[in-house]
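A short worksheet on the structure shown next.
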Number of protein chains: 2
Amino acid sequence: MLLQPERTRGDPQITLSLSLSTPITPNQWRQRSLLHLSAFLRRAPPLRLLLPLSLPPLLLASRHLRVSSCAHGSDGDRIVARPSSELRRGIRENSSKVEDEKLLSLRRLFARPDVGIDAYIVPSQDAHQSEYIAECLRRRAYLSGFTGSAGTAVVTKDKAALWTDGRYFLQAEKELSRDWTLMRSGTRGVPTTSEWLNDILPPGARIGIDPFLFSFDAAEELKQEISKKNHELILLKEFNLVDEIWNDSRPDPPSKPTRVHDIKYAGADVVSKLSYLRSHLGESGCTSIVVSMLDEVAWLLNMRGSDVPHSPVFYGYLIVEPYRATLFVDTKKVTKEVLNHLTNAGVELKPYESVLAEIESLALKGAKLWLDTSSVNAAIVSVFRSACERYSSQLNNNSTNQSIHHGGPDAVYQVSPVALAKAVKNNAEIEGMKNAHLRDAAALVEFWCWLEKEIDNNVALTELDVADALLEFRQKQEGFIETSFNTISGYGANGAIIHYRPIPGDCSLVENKNLFLLDSGAQYVDGTTDITRTVHFGEPSKWQKECFTRVLQGHIAIDEVIFPERTPGFVLDVLARSSLWKVGLDYRHGTGHGVGAALNVHEGPQSISFRFGNLTALQKGMIVSNEPGYYEDNSFGIRIENLLLVIEANVPNAYGGIEYLGFEKLTFVPIQTKLVELSLMSPGEIKWLNDYHGQVWEKVSPLLNGEALDWLSKNTRPI
Amino acid sequence: MLLQPERTRGDPQITLSLSLSTPITPNQWRQRSLLHLSAFLRRAPPLRLLLPLSLPPLLLASRHLRVSSCAHGSDGDRIVARPSSELRRGIRENSSKVEDEKLLSLRRLFARPDVGIDAYIVPSQDAHQSEYIAECLRRRAYLSGFTGSAGTAVVTKDKAALWTDGRYFLQAEKELSRDWTLMRSGTRGVPTTSEWLNDILPPGARIGIDPFLFSFDAAEELKQEISKKNHELILLKEFNLVDEIWNDSRPDPPSKPTRVHDIKYAGADVVSKLSYLRSHLGESGCTSIVVSMLDEVAWLLNMRGSDVPHSPVFYGYLIVEPYRATLFVDTKKVTKEVLNHLTNAGVELKPYESVLAEIESLALKGAKLWLDTSSVNAAIVSVFRSACERYSSQLNNNSTNQSIHHGGPDAVYQVSPVALAKAVKNNAEIEGMKNAHLRDAAALVEFWCWLEKEIDNNVALTELDVADALLEFRQKQEGFIETSFNTISGYGANGAIIHYRPIPGDCSLVENKNLFLLDSGAQYVDGTTDITRTVHFGEPSKWQKECFTRVLQGHIAIDEVIFPERTPGFVLDVLARSSLWKVGLDYRHGTGHGVGAALNVHEGPQSISFRFGNLTALQKGMIVSNEPGYYEDNSFGIRIENLLLVIEANVPNAYGGIEYLGFEKLTFVPIQTKLVELSLMSPGEIKWLNDYHGQVWEKVSPLLNGEALDWLSKNTRPI
């Protein structure tokens, strides 16, 4: 192995690039090369080094170093990332021979007369901006091989690149073939997709997209950016090029029936939800709205489905007008019960595919259409706009003598009013969430009790075995439907991969020598859960205890905070980090996301994050996660996550005549006290932990018996 | 006294308006009417009430009430404030007879042929956007009678209104005559100046301003706003209408000599500062820059003056070109020493008034002029722009056959690079600040020791006597120049007036029955100080101790925080408030402002505030105040303020390969431990207080002897 310092353009800092003499597996690479590197750097003088993001363990392995992450390699005027394959295999070939059959097939289509493009962008999204999408729509994953939830693939006639964020750098490195260049988004020197396209394509290129897969805003931004180099954005709405090469191996579209979400869990009926939406339409002078986010459709119609993994939603668009509401859905999924339910609420059905035709006819009817262009796709918006233009020109031709055209169709671009209404839970939704969390807690206690015993008995369990066992415990609970996301079961170094997903045949054993991070959740008929616990089955090191305790202190600070109404979540974020900051530690993700009630595990508009762009105030009835963490790459990961409900705080004063808000915990599962470094904890923090465990015992013990009850008793004892 | 609930337009909430049967003095009003109101409200059912901002004591007097502040009264379509005189005197006259001679004189000028306006706006500013301005330039105070530092007067042919912010509501109510309407800025329903003008003037009115007194940005915004009603903004740059009516009573312009700011305090010489500025000019492709902020001129030239109270600056503009720098100043103020100093640095002198002529000639020379339009006044910018236009049209006339004009003059609008350079202190400036703070601390200890004895001996001292005494103690210190702002000496209820200034004949005695808030600072030859302490000379109530302790906890949280580089100040603000928020308390001002080194006590660009618009990161070498507070209107005020220097934190890790920053205290004066409710304090907080007092003793005791030394010893004992 060779270490070769190399200067980056215009930057006095040093990059290290690795090349290895023989190809090794990713695991070998991680273990061997890092040991060597780490030993080397310990002997090196104090330096400021720029290293690829995959190497931060060195940062902590050699404390006297300041290490900055960066992209490496340079290509023309820009610093861009080198194919991860180079790093991984230690081979730096300049071969231009492409082995990837999918890329070859895709590029063949570029020249087809009805296509005619120089590049094609394949995002992760479906037509509804969903986080989890049906298998048959995972076009970016199929094309690139990278299976993480976030990423964009861009293919030109001779290059293929994939952008993903820090959560997925390691996973993408593993999964991408050598024909792909990994673009580490958010890393210094890495261009955006449009910067890259402007950089590598000659001016005036034609860049194709499937307009269903881009929100209108995203497509417009892209169009704007690439116009700097006179590139043209080509909306190929008749076909998706990846679908064309997918052929036989493509999974069938989802077809399971939808169901009615019981009013006892929904809390408000469809008629009143639609009338709320119509009152907003009226106020804004609109005659119709297109709702395209799947969770918004499901929430408005009190319906649930199973079209995508982890979220109880179904593919559909909803168009609401003052005296009409139409659901565009594969009618095969609509059972008799659902049909009755919809008919009673005055909701008509039309085929999913007919939505564009309906949009056109809305324009011809002269609709004022409310479009949330941050979520509604570019296909819908562009069809409506063309139809409006056609209508106007017809009107001009037919009535050349009239100077005023009343009632022409028009698009009104506004944020959908549904997201906020959905985020603020009603009493029935809160009740359902609380109940679901208690059953989930019972399952988790049984699981932890079982796992502890298995590890004590030296049973060999992989991270995947553990996740499967957890699923079994949850399945026993009433109302369980499925997991609310892929279980993140990360032992040791894998825990440092923020969105780690154990893969069969390539995952660690869970043992008693390092930390084990388990982030999981479930969809129940009455609620959605999301919980992370980090434990050590043996003896944690002093350093691990310190890190865990600082994460816990951040968790407690968020949990206990009281704040005035109208406070955006980002204001609170610092509370989750300040104990880590005190010793120069931090974590690279937000502190909290919104959670749906028996809906998506990630929902907006609120969040708690260091990114201060989201000005949405935390409001009574909203649910957010509280999940600070700390990750030492190639060593261990820590995260402690509960879900919290925003409530009115019980405060003796009300300065400013306003309401003060706070949080109520929804999650009741013990936090491993073995990992708590008591000397760092304030008496208030110790009291918080003991009070929490008191509540856990009180709420969850009635649902347990036998060993699990004993385990709970032992693990909720005051410290 | 009558209490009459009244509905506001389009709002279901209730306003209370007060009318009193006989005129009473403000003090009587405050005491009597509030007692009655408070008793009434305690009997009232729980209500959400809208009350004038002057009444918040009720909020806390009757805890079961939710009280929102608002403007009251309604005028046409808008809710506007009623003249404060109505409230104060309890008389609601509709008399349109104007008694105010100044208003009459000003309005007479409106019709003059060279004026021809329908309204005139008189801001607080001078031509340099200074916070403190020379007496002869306090036009708004002269015209309106309101002497607070912030406010805008607007006079139409039949109305006169004054806008000020929450800090000054009570003071403005006291000072405005009945011909003025007080506009409580930032309060619900109160229009901005331009909204008000658009509301009350018939379309197409001519609104006059003195363009020297508006930054170009502010003038443009105003022009934009009033154009909605087709009003025209008239720049009257040849004369100021208030000056015309001021006549004989107007103070003389400042004429004291300027001085050289010694290099041992400045740390960098003028040549290197100018060369820094020129390198920025070069990078941005500009040929000249106008520096108009007085502290920027003083900092760049290592000069100080005494033209305005509290800030060691002098009136001047500086124009810097690649091989030339010109100071526009009243040359009578330039001593021989200063002249030498400037000549050595290659700085020429021109008369202050000739700046506009120079701006014109810059345009004719084809300058690319860097203008920070957020600070440079509209007179300068508009003169440059007109000259540029003239130049272009001349060029067009002279060379009609040439299609390309190289080298025409141009304005480049960018933030001045001086503010940030000035905010980041060099070692000499830091050293000077530290030394000045120790001498200041010695003066304060002697003062507090003296005051405590006087109060114990029942000596009758007014708030003003106390402020005067403090000045005497400070004057004994080496290098003392003047106060850095008007001392805020507020006993009891006066402490709740955030920018209270005791007025001779109308201020309280300082006694041992309530809290005493003292916010003061000094200009020394080597540094600027700003410190607030709150004390009780008798027995504080349990409630006062709780409030004080929560403010102290916020102060400690800011003092102790460690944060990653690139963190804007607003991220930290929540730390100062969260202990207050826990019991539903808050304060209505920012937590920290920048402080100059032997310069302005308020400087940008950094701040620590709940307003999250300021994205400036806190950087090593910046100085900020740390001053959380709590104010119970008509009862007491609490504020604890130290100045802090941003330093690199000594942390064992550096996650993300970046620097972590923290604060070092500059202020070393005891905090009264009698006011600390120990049961609320964590061990860490108690340790902070004891450590701080240990440092105070160590650093300040060498400068003291006798009683003051004993006092210090007693007041720095560990608790």
Bottom line for B:Leu615: the part with an atom under 4.5 Å from chain A's heavy atoms is side chain
Largest heavy-atom contact set with chain A, pairs under 4.5 Å, which of B:Val561, B:Val574, B:Asp586 | B:Asp586
A:Tyr630 side chain to A:Arg639 side chain, donor-acceptor N/O pair below 3.5 angstrom | no
Could you tabulate the donor-acceptor pairs under 3.5 Å formed by side-chain atoms of residues 605-612 of chain B, not counting sequence neighbours?
residue, atom, partner, partner atom, Å
B:Gln606, NE2, B:Ile623, O, 3.0
B:Ser607, OG, B:Asn614, ND2, 3.2
B:Ser609, OG, B:Arg611, N, 3.0

Interface residue of largest heavy-atom contact number with chain B, from A:Pro568, A:Gly662, A:Pro564, under 4.5 Å | A:Pro564
By salt bridge (Lys or Arg N to Asp or Glu O under 4.0 Å), which residues pair with B:Glu560, not counting sequence neighbours?
-> none
According to the interplanar angle, ranging from 0 to 90°, do the rings of B:Trp688 and B:Tyr692 count as parallel (below 30°), tilted (30 to 60°) or perpendicular (above 60°)?
-> parallel
